[in-house]
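Presented below is the structure to which this report refers.
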Amino acid sequence: MFLKLKKKQIQDCIIIGSGPAGYSAAIYASRADMNPIIFTGSLPGGQLTTTTDVDNYLGFPEGINGNDFMKNCKKQAERFNTKIIHQSVTRVILSNQKGGIHRIFLDNKKCIESRGVIIATGSRPKFLGINKERKFMGLGVSFCATCDGFFHKEKDVAVIGGGDSALEEANYLSKICQKVYLIIRKDYFRASKILQDNISKKNNIHILFDSNVTEIIGNNFLEGIKIFNHKNKTNKTIFISGLFIAIGHIPNTEIFLNELDLNDRGYIMVKKGKTITSKPGVFASGDVQDPDYRQAITSAGTGCMAALDLEKYYLSL
Ligand code: NDP
């Protein structure tokens, strides 16, 4: 063991992650007197802090900026006295016993003990797996148009992917960049109809179907990409200053690998219609257990469910 455990207070509710699921769980857990502590992780507020406007969350008729939305979530959790700690969890030891104590290890080497744990660690974007992609992160390659789009003002950029994320990124970039190439490996979009309609109205978005990026060009920073059209069997080179990758996500479940049941894609398995995991007193909410819906509103909903499931768990002890 890498740190010495001291005898200390056992918590009722530790929440790992600070996206909509984490804060929603915190609000419900606080109001149920479970005195939750949130460990925010390395991206406080989660993925929504890097998104543009959230237009589909109920109750915001004009939409709301993702970052502002998460600040509001934090404020609301603080109003009910949730303790918010800016640290990451590096390891967990989860008890198999009903009523057992779970150990949560932090990046400052401290260990917190709790009978209840709510996991809301979310997911992270996938890489393409081609040369120079990681090397040029921040040097032209990006996962976030709102964060980095500004650097490509009035220049040409490309977005990869045909899902909602890619189309949102393309839409955002089309407002500041000269030309946006949207590169899709199939001959159809996976994105929702409304986003497809938005894209079709933009005359500076050029859609390339049946296409894969095969190479990144540039010595010290991104200068262009090579694209292969697998239908026509043709190669094409385009010169761009920014490449925005939006091809899906990987759940942040590495620290739970040997502790919880995960499915074949690495998502935490929960009991159908619940947030109950394979360990008693441990509940999972948000994207970390949801490969399908991945919406702020569904995340917040499952965060609420996790707090209620934890409350029921205590009543059953
Ligand atoms: P998706 O999994 O929906 O889409 C990923 C896209 O990337 C697909 O077009 C996929 O192609 C493509 N892709 C995957 N791997 C590669 C690869 N190696 N090379 C090239 N292309 C690749 O991911 P999203 O992040 O877009 O969305 C995830 C979920 O989040 C969805 O449920 C979505 O509805 C939701 N979401 C909702 C938003 C909203 O409502 N405002 C905003 C953003 C996300 P293929 O189809 O061939 O697999």
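In this chain, numbering begins with 1 at the start of the sequence shown. For the numbers below, each heavy atom of this structure counts, side chains included, while hydrogens, waters and symmetry mates do not. Because the structure is a prediction, the values reported are computed rather than measured. When a ligand or atom number is given, it counts from 1 through the structure's own listing order.
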Glu311: salt bridge (charged side-chain N to carboxylate O under 4.0 Å, His left out) partners, not counting sequence neighbours: none
Polar side chain donor-acceptor pair, Asn171 to Lys202, under 3.5 angstrom: yes
Side-chain H-bond candidate by donor/acceptor type, Glu215 with Thr237, under 3.5 Å: no
Atom-level proximity to ligand 1, residues with heavy atom under 4.0 Å: Asn56, Lys126, Leu128, Gly161, Gly162, Gly163, Asp164, Ser165, Glu168, Arg185, Lys186, Arg190, Ala246, Ile247, Gly248, His249, Asp292, Tyr293, Arg294, Gln295
Min side-chain heavy-atom separation Phe189-Leu182 under 4.5 Å: yes
Side chain to side chain donor-acceptor pair (under 3.5 Å) partners of Gln196, counting only residues at least two apart: none
Whichever hydrophobic residues join Tyr267 through chains of side-chain contacts under 4.5 Å: none
